[in-house]
Amino acid sequence: MVKKAKSFVPVVAVLNMKGGVGKTTICSNVSLSVFENKEVGTLLIDLDPQFNLTQGLLKRADYDKYKAASKTIFSAMEPRSEVGLFDVATSTQPPPKSEDLRHSFFYLTDMPSKEFDIIPGDFQLVKYSLMDDNAKLKGVKDRFLKFLRQCKSSYDTIFIDCNPSSSFLTLCALHAATHILVPVRPDRFSILGLEILSEFIDQLPTLSPKPQLLILLNGVSRGGRDAVAASVEAELRAHPRFGPRTLKALMPQSEAFRARTDYTGFAIDRKGRWQKQIGAELTAIANELAGKLGL
Ligand SMILES: Nc1ncnc2c1ncn2[C@@H]1O[C@H](COP(=O)(O)OP(=O)(O)OP(=O)(O)O)[C@@H](O)[C@H]1O
Ligand SMILES: [Mg+2]
């Protein structure tokens, strides 16, 4: 692994408290396009207990091996132990390094010095939504943030796939992030959701400096917007706070992005007539996003 000398490493939390808006789809496909177009070492972190990002990208047999060896994000939160569901393990030992946990997508690249890796997710993270011992949880968050700081020395950028709804894990992602990428479906309540998220970030007392909000419209029909989608997009782009934060590039509604139980991998690698078109569309998003991230 090539160590970096660069000082600023953008950490992008793909976040929206709303479920099903395309966080996971965007996290995998947009980050891959950033990696390929900008040739930047890229790490994905699956911080959703449902671990859909991992399930979409890793074959079951591979995941089972990582899980059996404790090579998942859970090891960045707690050392291996026998503690129960309502307790957390602590240790004076430092957290693992990214190379101890990562899965590398070697096949994707002919850039030997740049890596595209994922820290696999883990359903065990669900325990943090059952706990209310803040002192214990603080230890978990501190360990995760330490892990993340170490990752920054090995990659040019990091993308974190977050769970929907607000939780302890959302706080971990917010404290790690330099940018929040919010996927927004062009429907009637999306701007309300953005206002709540933005207020939450503004008012979170422990969050300093505040991560920058970036908005990506997802699921936009290529064949012309319906009336609701067109008016929501117009309202968003004219919004004094959110308009300037909304990417001009759009994530289209496409069969290529639809999750399928019989397919593991990135949309761009799926055989289909859409390949060239989504390649160009993802490149447009990646270039605009990379510009905002300073990559
Ligand atoms: N642009 C798109 N075109 C077609 N299908 C899409 C698109 N974006 C997302 N989907 C589909 O919508 C569903 C939800 O997407 P995804 O899992 O990415 O959302 P999410 O925000 O991560 O959901 P959750 O809140 O459950 O984590 C999936 O079946 C996905 O394949
Ligand atoms: Mg998801």
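As the structure is a prediction and not an experimental result, all values here were calculated from the model. Order of appearance sets the numbers: ligands from 1, and atoms from 1 within every ligand. Quick note: numbers below take in every heavy atom, side chains included, and nothing from hydrogens, waters or symmetry partners.
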In terms of residue, atom name and distance, what is the protein heavy atom nearest to atom 25 (O) of ligand 1?
Lys23 NZ, 2.8 Å

Return a yes/no value for Gly22: is any of its N or O atoms, backbone included, closer than 3.5 angstrom to an N or O of ligand 1?
yes

Taking distance alone, with N or O pairs closer than 3.5 Å, would you say Glu255 contacts ligand 1?
no

Would you say Pro252 touches ligand 1, if touching means a heavy atom closer than 4.0 Å?
yes

Would you say the Mg ion (ligand 2) has Thr24 as a near neighbour, meaning an N/O/S atom of that residue under 2.8 Å away?
yes

Salt-bridged, Lys65 to Asp62, with N to O below 4.0 Å?
yes

For ligand 1, does Arg260 get within less than 4.0 Å through its side chain, its backbone, both, or neither, judged by non-hydrogen atoms?
neither

Evaluate Phe105 against Phe266 for ring-ring contact (aromatic ring centres under 6.0 Å, His included), listing each step before the verdict.
CA-CA 11 Å; Phe105 297 102; Phe266 298 88; 5.3 Å; yes

Specify side chain, backbone, both or neither for Ser254, according to which of its non-hydrogen atoms lie closer than 4.0 Å to ligand 1.
backbone

What I want to check is whether the side chains of Asn29 and Thr25 have a donor and an acceptor closer together than 3.5 Å.
no

In plain terms, say whether Glu281 and Arg222 are close enough for a salt bridge, that is, a side-chain N and a carboxylate O under 4.0 Å apart.
yes

Before accepting this row, confirm whether a basic side-chain N of the pair Arg260/Asp262 lies closer than 4.0 Å to the acidic partner's carboxylate O.
yes

Under a heavy-atom criterion of less than 4.0 Å, does Met17 contact ligand 1?
no

Which of the numbered atoms in ligand 1 are below 4.0 angstrom from a heavy atom of Arg185?
8 (N), 9 (C), 10 (N), 12 (O)

Check whether any side-chain heavy atom of Ser198 lies under 4.5 Å from a side-chain heavy atom of Leu194, and answer yes or no.
no

Give the atoms of ligand 1, by number and element, whose distance to some non-hydrogen atom of Gly19 is under 4.0 Å.
25 (O)

Going by distance only, is there an N or O of Ile26 that falls short of 3.5 Å from an N or O of ligand 1?
no

Relative to ligand 1, is Asp48 under 4.0 angstrom through side chain, backbone, both or neither, heavy atoms considered?
side chain

Pair Tyr155 + Phe35: ring centers closer than 6.0 Å:
no

Below 4.0 Å, non-hydrogen atoms only: which portion of Asn218 touches ligand 1? Side chain, backbone, both or neither.
side chain

